[in-house]
Structures are given as structure tokens and as C-alpha cells.
Amino acid sequence: MLKRLKKIAALALAAAMALSLAACGSAEDKKITLHFTHTQSPGSISDLTAMEFKRLVEEKSGGRINVEVYSNCGLSGGDLTQAISLVQSGNIDIHSCAPPNIANFDKRFYAFWLPFLFPTEEDLLTFCHSEKVFNEVNTWCNEMEMVMLGINNAGSRQISNSKMEITKPEDLKGMNIRVPSANIFITLYRDYFGANPTAMDFSEVYTSLQQKTIDGQENPIAVFDSSKFAEVQQYVTLWDGVRDTTIWVMSQKTADKLSEEDRALVQECATEALDWGNDYLADNESQIIEKLREGGTTITELTEEQKADFQETCAGIYDEYAAEVGQDVIDLFTGGYKE
């Protein structure tokens with residue numbers, strides 16, 4: 001009941017805020033407020049990157065454009081799917097999330113979470129900066145009344161749990177693992193690893209781990225750290241199975257209200273902020289891992305042979321999801337972006 005009331009309150013707030021851009025107008029002498037939401041906690045990499053975007057926009061516009069940042073899907077009551085609906089309706093101006101959060105509206109977005117898609121972090125960054133990928137994924141967004149501002153590296157989604165070190169696929173059998181509300185992760189953990197995946201909103205994960213409702217979760221190590229999961233999770237396995245990304249989408253309604261100059265400014269600042277996020281992650285991820293080790297978290301880094309065991313175990317998911325996302329999309333994501 002409390003969760004439902006929070007969502008109702010958040011939706012009412014989002015609807016009220018949608019009036020701010022229209023009320024302020026887009027003339028050069030008018031102030032504009034952009035409402036930016038993301039899925040993670042305050043102080044997370046998503047939050048820091050959003051705050052860098054806010055700094056850039058407000059600085060380059062001379063304070064004429066203000067950006068208000070809301071963490072934990074604050075304008076949709078923590079609901080990841082509802083956040084996308086609010087972007088489509090113009091009640092959220094810009095939203096930052098994992099691309100498959102949009103898969104309920106277009107299954108092609110599942111492709112971002114195919115396991116072992118990018119062999120190295122360099123491959124992932126090449127993918128993020130690919131004009132071919134930008135144009136393709138932006139077309140998907142346009143079909144849903146959204147504009148893509150860019151994609152960046154969110155870090156590999158590593159597995160944590162409170163029971164044991166995980167070194168092989170069989171270790172996951174029967175383990176209750178929280179996954180996002182995306183069918184591809186349920187398929188991966190249930191059908192290929194034999195775990196019991198539980199879909200839930202990110203805002204509920206810490207409490208569920210603390211109360212032992214679930215045994216573990218999977219997220220980039222920076223998210224694990226900023227969410228203080230080390231307080232309730234003993235073991236982290238670095239398997240690099242899913243190299244995650246973050247996508248920024250802007251409401252088409254918001255884009256249409258902005259002048260050509262302001263839209264270009266927003267795009268420029270988004271590109272700079274996303275690159276800033278890439279650099280921040282590269283500079284800090286190893287330090288985060290070392291800090292967790294020193295704090296008592298058991299960090300298990302898999303060998304290439306152990307990773308290959310996981311990759312072989314779940315290889316069949318590509319054929320299974322070719323029908324969902326299209327072989328052309330899989331071809332683009334597995335190397336076509338380099339052409």
C-alpha cells in the first residue's frame with residue numbers, strides 16, 4: 001500500500017512538473033527547467049554523470065536552462081517501466097537507464113543484455129561511440145516518441161551473493177538472484193544457470209538482501225558500492241558476463257519545445273557528460289574493487305577459462321533471442337558496429 005501511494009505521489013509530481021517547460025517557454029530570454037531522472041541511488045555513477053550534465057547545461061546556457069536531477073526513478077515512484085511511459089508523455093524530459101528497461105516497449109532493446117556481447121571494455125566503448133549504432137537505436141527511440149542523446153559504459157554487471165564464492169555456472173543453481181524486470185535476464189539465470197531469478201525494482205533490492213528475501217543480485221561494481229550492498233553481501237564474482245551500458249533518452253515532446261539552438265546545446269552537453277562518465281568509471285572502478293576487498297568483501301575474479309565455461313553454458317540464448325530482437329540487430333551488436 002505504501003509503495004502504491006509513493007508511486008501515485010510521484011506521478012502527480014511528474015505531471016505538475018511537465019508544465020514547467022511549457023510555462024517557461026523556449027525564447028532566448030525565458031528560463032527553462034529540464035527534469036532528468038535516472039534509476040540509481042544518489043552518488044552513483046548515473047547520478048554523478050547526470051550532475052555533470054546539469055553543470056554543463058547550466059554553465060553553457062548562462063543559467064537560463066536549469067536541470068533538476070531525480071535519483072531512483074523519483075518521478076515514477078521507483079517504477080522503471082513507468083519512467084519510460086512518462087518520457088513518452090513528456091512528463092519526464094530526460095531519463096537515464098539501462099537500455100533493456102525499454103524492452104517492454106520494443107524487444108530489440110534486449111540485445112544490449114546478451115551475455116558476452118563485448119569481449120573487452122574497448123569493444124564496448126567502440127560500440128558506444130559508433131555512429132551506426134547511434135543512428136539505428138535512435139530510430140527505435142523515435143518510433144516511441146523519444147530521442148536518444150547517447151550511450152555510455154556502465155560497467156560489467158558482476159554477481160554478488162551472501163552464500164558462497166561463485167566460480168562456475170553450477171554454483172548458481174537454486175540461488176535466489178534479483179534481476180531487473182527484463183525477460184532476457186530471467187531466461188539467462190533460470191534456463192541456462194538454474195538459478196531462481198526474481199524481478200524487482202532496484203529501489204527494493206537493499207532491503208530484500210538485508211532481509212534475506214533474495215540471496216544475491218547482479219549489477220556493475222560501482223552500483224554495488226554506491227548502493228552499500230557490501231553491508232549485506234559477502235561475495236562478489238567478477239565474471240564480466242554482461243558489459244552494461246546506460247542510455248539517455250529525451251522526450252520528443254520536450255525536444256519539440258526546445259529551440260534548435262537549445263536542442264543542440266542539450267545534445268552537446270549530453271555527449272560531453274557521457275564521455276565524462278566513461279572516464280570516471282575507467283579511473284575509479286579498480287579503486288572501488290580494492291576498497292571493497294579492504295572492507296572485507298570476498299572478491300572472486302574469474303580466469304579466462306572459467307569465464308569461457310559460463311559463456312559456453314549460455315551460448316544458446318543467442319539463437320533463442322534472434323527471433324525476439326532480429327538477426328540483423330544481433331549482427332550489428334556482435335561486430336557490425338566496427339564496420
Do Glu290 and Ser286 meet the criterion of a side-chain donor-acceptor pair at a distance under 3.5 Å? no
Among Phe109, Tyr110, Phe105, Phe134, find the one that has a ring-ring contact (aromatic ring centres under 6.0 Å, His included) with Trp140. Phe109
Flag the pair Lys307 and Glu304 as a salt bridge only when some basic side-chain nitrogen lies within less than 4.0 angstrom of an acidic carboxylate oxygen. yes
Would you say Phe185 ends up clustered with Phe229 if hydrophobic residues are merged whenever their side chains have heavy atoms under 4.5 Å apart, either directly or through other cluster members? no
Using only atom types and a distance under 3.5 Å, with no angle test, would you say the side chain of Gln158 pairs donor to acceptor with the backbone of Gly241? no
Is there a donor-acceptor pair under 3.5 Å between the side chain of Glu285 and the backbone N or O of Gly155? no
Taking Glu204's backbone N and O only, do any of them form a donor-acceptor pair with Ser208's side chain (distance below 3.5 Å, no angle check)? yes
Check for me, please, whether Ile330 and Ile317 land in the same ILVMFWY cluster - side-chain distances under 4.5 Å, paths through other members count. yes
Any sub-3.5 Å donor-acceptor pair from Ser76's side-chain atoms to Cys73's backbone N or O? yes
What about Ile84 and Met200, same hydrophobic cluster or not, with Ile/Leu/Val/Met/Phe/Trp/Tyr joined at side-chain heavy-atom distances under 4.5 Å? no
Could you walk me through whether Glu268 and Lys60 satisfy the salt bridge (Lys or Arg N to Asp or Glu O under 4.0 Å) test, starting with their C-alpha distance in whole Å, then the side-chain angles of each, then the deciding distance to 0.1 Å, before giving a yes or no? CA-CA 10 Å; Glu268 176 186 343; Lys60 293 189 177 190; 2.7 Å; yes
Sub-4.5 Å side-chain heavy-atom contact between Ser44 and His38: yes
d(Asp225 CG, Thr297 OG1) to nearest 0.5 Å is 9.0 Å
Distance-only, no hydrogens or angles: does the His95 side chain make a donor-acceptor pair with backbone N or O of Thr37 under 3.5 Å? yes
How about Phe118 and Phe127: do any of their side-chain heavy atoms sit closer than 4.5 Å? yes
In Å and rounded to the nearest 0.5 Å, what is the NZ to CD distance from Lys291 to Gln287? 10.0 Å
Exam field: side chain Asp93 to backbone His35, donor-acceptor pair closer than 3.5 Å: yes
Charged N-O contact under 4.0 Å between Arg108 and Glu143: yes
Side chain of Glu218, backbone of Val179: donor and acceptor closer than 3.5 Å? no
Salt bridge present between Arg263 and Glu260 (N-O < 4.0 angstrom): no
Does Gln82 use its side chain to pair, donor to acceptor, with the backbone of Gly77 at less than 3.5 Å? no
Taking the six-membered ring where the residue is Trp, are the ring centres of Phe116 and Phe310 under 6.0 Å apart? no
Look at atom CD of Glu301 and say whether more than 12 heavy atoms of other residues, nucleotides or ligands are closer to it than 6.0 Å. no
Is the shortest heavy-atom distance from the side chain of Ser181 to the side chain of Leu80 under 4.5 Å? no
How long is the span from the CG atom in Leu117 to the CZ atom in Arg243, to the nearest 0.5 Å? 10.5 Å
Would you check if the side chain of Asn161 reaches a backbone N or O of Met164 as a donor-acceptor pair within less than 3.5 Å? yes
Side chains of Arg190 and Asn196: closer than 4.5 Å at any heavy-atom pair? no
Please tell me whether Trp248 and Phe53 form a close aromatic pair, meaning their ring centres lie under 6.0 Å apart. yes
Please check if the number of heavy atoms outside Glu320 that lie under 6.0 Å from its CD is greater than 12. yes
Less than 4.0 Å between a side-chain N and a carboxylate O, is that true for Lys338 and Asp123? yes
With a 4.0 Å cut-off on N to O distance, would you call Asp262 and Arg64 a salt bridge? yes
Can you check whether Leu188 reaches Ile184 side chain to side chain, under 4.5 Å on heavy atoms? no
Report the distance from atom CD of Glu170 to atom CZ of Phe193, rounding to the nearest 0.5 Å. 10.0 Å
Is Ile159 linked to Tyr206 within one hydrophobic cluster, defined over Ile, Leu, Val, Met, Phe, Trp and Tyr using a side-chain heavy-atom separation of less than 4.5 Å? no
Counting C-beta onward and ignoring hydrogens, is there a side-chain heavy-atom pair between Thr139 and Asn135 closer than 4.5 Å? no
Please check: side-chain N/O of Thr254 versus main-chain N/O of Met250, any donor-acceptor pairing under 3.5 Å? no
Contact between Ile177 and Thr198 at the side-chain level, heavy atoms closer than 4.5 Å - yes or no? no
If the threshold is 4.0 Å, N to carboxylate O, is there a salt bridge linking Glu136 and Lys132? no
Atom pair CG (Leu292) and CD1 (Ile288), whose distance is rounded to the nearest 0.5 Å: 7.5 Å
side-chain contact (heavy atoms from CB on, under 4.5 Å) assessment of Leu149 paired with Ile94: CA-CA 9 Å; Leu149 296 176; Ile94 302 172; 4.1 Å; yes
Quick check for you: to the nearest 0.5 Å, what is the distance between Ile102 atom CD1 and Cys97 atom SG? 4.5 Å
Under a 4.5 Å cut-off applied to non-hydrogen side-chain atoms, are Thr334 and Tyr318 in contact? yes
Under a 4.0 Å N-O cut-off, is there an ion pair linking Asp309 with Lys168? no
